[in-house]
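Data first, discussion second: the structure below is written as structure tokens.
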Amino acid sequence: MRFKTLTLATASLLAVVAAPSNAAKPFYGDWGYDRSAMDSSVKPGDDFWAFVNGDWDKKTQIAADRASAGPFVTLSDGAERDVRQIVEQLAADQSRDHLGQQIGDYYSSFTDTGAIEAAGTAPLKPYLAEINGAKTRAQLLSLFIKPGYASPVDVGIGPNFKNPDVYAVFAGQARLGMPSREYYLEDNAKMQAHRAAYRNYIVSIEKLAGLPDPEGAADRIIKLETDLSKVQWTAADRRDIDKIYNPMTRAQLIKLAPQFDWNATLAKGGLANAKTVIVTEPSAVAGAGKILASAPLSTWKEWLAFRFISDHATVLPKAFDDARFAFYSKELSGVQAQRERWKRGVAAVNNALGEGVGQIYVKSHFPATSEAQMHELIGNLEEAYRDRISNNKWMDEATRKAALEKLAAFEPRIGHPVKYIDYSSMNVVKGDPLGNELRAADFQWKLDLKRFPKPVDRTLWGMFPQTINAYYNPLANQITFPAAILQPPFFDPNADPAVNYGAIGAVIGHEMGHGFDNEGRKFDPKGKLRDWWSPEAAKSFTTRTDALVAQYNGFKPFPDLAVNGKLTLGENIGDLSGVEAAYAAYQKYTAKHGQPPVIDGLTGDQRFFIAYAQAWQEKQREDAERQQVITNEHSPGRYRVNGVVRNVDAWYKAFNVQPGDKLYLPPEQRVHIW
């Protein structure tokens with residue numbers, strides 16, 4: 001089984017707010033919004049996302065090497081260019097330090113396609129020989145546990161849900177060759193086409209590697225993965241924290257799935273002292289064990305060889321790389337062109353040495369003023385949440401008091417870690433890109449093993465400073481905002497305050513809202529999985545969230561595919577809570593500074609909601625959006641806007657939304673949680 005780092009965090013975009021400066025104009029338009037994006041022919045109450053972003057949607061072309069377009073992509077492109085400057089300078093600098101050598105050599109090895117082409121399949125041979133040499137299932141298990149190899153079951157290390165001060169070992173279902181079980185099991189034209197393309201891809205990889213019987217191997221591999229998919233859990237069930245917390249002793253684990261020879265397997269992985277393992281999907285692990293025993297050893301070896309080649313195709317000759325792109329990017333996401341090698345080299349270095357790169361990145365791209373402004377806005381949002389929790393009508397006093405204690409214990413982290421990962425023991429060899437990938441995976445696993453016996457290190461980050469994103473970690477009650485996200489349209493110190501509150505204020509509120517969503521609410525102020533709710537408060541909460549699930553189930557991006565309200569519930573709660581808290585914080589701002597002027601014919605409240613919708617400009621290729629709807633806990637951007645505003649009373653007043661408008665909900669049907 002493949003060992004991996006286990007994290008439990010909820011991620012989404014975010015940013016910061018500040019009063020406008022007189023020294024410079026906003027990045028977008030005159031007040032922080034580009035009016036040319038708007039489609040004024042659309043009634044706000046019919047489709048608010050299109051009202052704000054309709055003309056942007058019509059005129060925006062998705063880049064050939066991208067699956068989507070929007071602010072997230074634009075900022076990612078900028079961060080990518082910034083990191084490129086760092087890594088290419090290090091690749092050329094002979095006076096660099098050890099970290100600089102590691103970063104520069106990793107990048108130059110990945111981008112030296114001439115050397116990769118000249119090496120051909122020779123770098124693969126020792127690994128394929130090792131797989132082919134497995135004569136028993138015990139030898140197969142020894143390969144499953146090696147970093148960089150696939151496995152039907154994943155094992156990882158992370159904080160114990162019910163004792164978050166200590167690390168635990170986790171075991172659960174592993175990733176298959178296609179995105180989710182639905183790609184194997186659903187019987188519709190789209191999925192049938194994907195399965196046919198997947199078979200062609202396997203055949204191509206097998207032929208390029210010179211493996212025997214490519215056609216037969218492809219059929220056997222797909223049957224094996226289909227069998228595994230039948231026992232795997234749905235994405236929605238995997239987000240149910242109560243279902244995925246199943247601590248087992250060694251004896252219980254062996255009884256559940258004896259085929260994995262747990263005592264020997266864990267020992268070979270460096271976990272001989274792990275007395276308890278938390279199993280996240282017990283029936284899937286048990287099912288995988290039965291398939292491990294019933295499927296021929298030769299089929300498992302074919303599968304492992306194919307997955308090894310496929311998972312590392314980007315550092316193999318162009319034919320392998322192109323085949324992987326044609327399936328995973330073009331077929332599954334509709335992307336038309338392979339990304340330039342330097343862009344993928346940046347991603348590869350970030351994946352292997354991300355905090356090392358980030359340590360350099362923040363020196364040039366994270367001004368101290370951003371951190372100060374972030375702390376101020378987070379304080380405003382905390383005050384808004386405190387008021388809303390204190391004044392809601394459906395919580396009893398004991399549960400309310402506990403919720404306020406949790407809010408007070410939130411730990412915001414901004415920009416970058418207080419200490420960075422020490423990569424000095426990672427061996428990076430110039431000219432060996434495949435070996436570098438495997439050594440990077442091995443380094444990460446050994447790093448986790450070093451942490452395992454010790455108390456949980458709360459200073460660790462789950463994202464890099466150069467990442468355009470943010471997250472909430474319920475196991476530590478932390479909200480984390482990397483440096484790279486603090487840019488327009490999410491944060492612009494020269495924009496109208498309504499814009500900053502509506503855009504990034506809402507997404508900071510979103511991250512805070514995760515502490516009280518359907519899963520985050522189950523953790524206490526210290527990050528412990530503990531039921532601190534009264535039965536009455538929990539019932540009232542569930543009544544509201546069930547209504548939100550039903551609303552989102554009604555959104556259909558495609559005639560044959562609807563949003564999964566259960567799967568996306570946590571993110572939808574975060575969006576709704578974030579907007580309502582940010583609006584409350586904006587009202588506090590205006591109460592202190594006076595009513596905002598009408599700008600460009602728009603009131604402050606109108607600008608607030610327009611800015612929120614602008615932050616979720618998003619245009620996706622059809623296959624990419626379908627994949628998101630099936631597998632991802634986030635709703636597509638259009639519904640992150642329309643699904644939220646129709647529940648916010650202030651939006652109705654701001655845009656005079658009336659009965660008969662398509663998004664209109666009667667007041668008694670609007671969901672208000674926090």
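As the structure is a prediction and not an experimental result, all values here were calculated from the model. Positions are given from 1, in the same order as the sequence printed here.
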| N572 and S635: side chain donor to acceptor below 3.5 Å | yes
| query | Is there a donor-acceptor pair under 3.5 Å between the side chain of Q252 and the backbone N or O of T249? | reply | yes
| N/O donor-acceptor pair under 3.5 Å between T467 side chain and M463 backbone | no
| query | Rounded to the nearest 0.5 Å, what separation is found between the CG atom of L316 and the OG1 atom of T121? | reply | 9.0 Å
| request: Is it possible for you to check whether K230 lies under 6.0 Å from the centre of the six-membered ring of Y184, through NZ or CZ, and within 45° of that ring's axis? | output: no
| note | When rounded to the nearest 0.5 Å, the distance separating CG of N427 from CG of D432 is 9.0 Å
| Side chains of R626 and K190: does their closest heavy-atom pair fall under 4.5 Å? | yes
| said: Counting only heavy atoms from other residues, nucleotides and ligands, does the tally under 6.0 Å from CG of D560 exceed 12? | reply: yes
| field | Note: D457-K419 ion pair, threshold 4.0 Å (strictly below) | value | yes
| What's the spacing between I630 CD1 and Y183 OH if we round to 0.5 Å? | 4.5 Å
Just list the side-chain donor-acceptor pairs under 3.5 Å for residues 295-302, sequence neighbours left out, or say none.
{"from": "W300", "atom 1": "NE1", "to": "L292", "atom 2": "O", "distance (Å)": "3.4"}
{"from": "K301", "atom 1": "NZ", "to": "N132", "atom 2": "O", "distance (Å)": "2.9"}
{"from": "K301", "atom 1": "NZ", "to": "A134", "atom 2": "O", "distance (Å)": "3.0"}
{"from": "E302", "atom 1": "OE1", "to": "R220", "atom 2": "NE", "distance (Å)": "2.9"}
{"from": "E302", "atom 1": "OE2", "to": "R220", "atom 2": "NH2", "distance (Å)": "2.8"}

| field | Residues S424 and D422: side-chain donor-acceptor under 3.5 angstrom | value | yes
| message | Is there a side-chain contact between I421 and L447 in this structure, where contact means two heavy atoms from C-beta onward sitting under 4.5 Å apart? | response | yes
| Geometric cation-pi criterion, R324 with Y328: 6.0 Å, 45° | yes
| query | So, for Y472 and F410, is the gap between ring centers shorter than 6.0 Å? | reply | yes
| query | Can you tell if the side chain of T276 reaches within under 4.5 Å of the side chain of M248, non-hydrogen atoms only? | reply | no
| query | Any side-chain donor paired with an acceptor under 3.5 Å for Y471 and R413? | reply | yes
| Between the side chains of E571 and H510, does any donor sit under 3.5 Å from an acceptor? | yes
| request: Answer yes or no: is there a donor N or O on one side and an acceptor on the other, between the side chain of R181 and the main chain of Q232, under 3.5 Å? | output: yes
| request: Test the R521-W533 pair against the cation-pi criterion, namely NZ or CZ under 6.0 angstrom from the six-membered ring centroid and within 45° of the ring axis. | output: yes
| said: If we ignore hydrogens and angles and just use 3.5 Å, is the side chain of Q628 paired with the main-chain N or O of H634 as donor and acceptor? | reply: yes
| message | Is it true that T280 and W233 share a donor-acceptor pair across their side chains at a distance under 3.5 Å? | response | no
| said: Just checking Y198 against H194, ring centres under 6.0 Å apart? | reply: no
| field | Gap between atom CG of L140 and atom CH2 of W303 - 0.5 Å precision | value | 8.5 Å
| said: Quick check against the 3.5 Å criterion: does E437 have a side-chain atom that pairs as donor or acceptor with the backbone of V315? | reply: no
| message | Looking at K223 and D219, is there a salt bridge between them, counting it only when a charged N and a carboxylate O are closer than 4.0 Å? | response | no
| query | Does the ring of Y149 carry R307 above it, NZ/CZ under 6.0 angstrom from centre and within 45° of its axis? | reply | no
| Rounded to the nearest 0.5 Å, what separation is found between the OG1 atom of T543 and the CG atom of L548? | 13.0 Å
| query | Does the side chain of Q478 come under 3.5 Å of the side chain of T480 through a donor N or O and an acceptor N or O? | reply | no
| message | Is any side-chain heavy atom of N477 closer than 4.5 Å to one of F523? | response | no
Report all side-chain donor-acceptor pairs from residues 159-166 shorter than 3.5 Å, counting only partners two or more places apart or in another chain.
{"from": "N160", "atom 1": "OD1", "to": "K162", "atom 2": "N", "distance (Å)": "3.0"}
{"from": "N160", "atom 1": "OD1", "to": "Y245", "atom 2": "OH", "distance (Å)": "2.9"}

| query | Is there a donor-acceptor pair closer than 3.5 Å between any side-chain N or O of D105 and the backbone N or O of V429? | reply | no
| query | L304 versus E130: any side-chain heavy-atom pair under 4.5 Å? | reply | no
| said: With a 6.0 Å cut-off (strictly less than), is the heavy-atom count around NZ of K330, excluding the residue itself, greater than 12? | reply: no
| said: Is it the case that the side chain of W532 and the backbone of K522 share a donor-acceptor pair, with hydrogens and angles ignored and the cut-off at 3.5 Å? | reply: no
| Over all atoms of both residues, closest heavy-atom pair of L271 and R250 | O-NH2, 3.2 Å
| message | Is the distance between the ring centroids of F306 and Y201 under 6.0 Å? | response | yes
| message | Closer than 3.5 angstrom, by distance alone: can the side chain of N351 be matched with the main-chain N or O of A347 as a donor-acceptor pair? | response | no
| Can a donor-acceptor pair be found between the side chains of D154 and Q173 at a distance below 3.5 Å? | no
| query | Backbone N or O of A235 within a donor-acceptor pair of the R239 side chain at under 3.5 Å? | reply | no
| query | Considering only heavy atoms from C-beta outward, does the side chain of F110 approach that of T314 to under 4.5 Å? | reply | yes
| message | On a heavy-atom basis, which atom in V629 and which in A562 lie closest, and how many Å separate them? | response | CG1-O, 3.3 Å
| Does a side-chain heavy-atom distance below 4.5 Å link V279 with L253? | yes
| Regarding Q192 and D187, is there a side-chain donor-to-acceptor distance under 3.5 Å anywhere? | yes
| task | Taking the side chain as every heavy atom from C-beta outward, state whether Q627 and D623 have any atom pair closer than 4.5 Å. | result | no
| said: I'd like to know if the side chain of Q139 and the backbone of K135 have a donor-acceptor N/O pair within less than 3.5 Å. | reply: yes
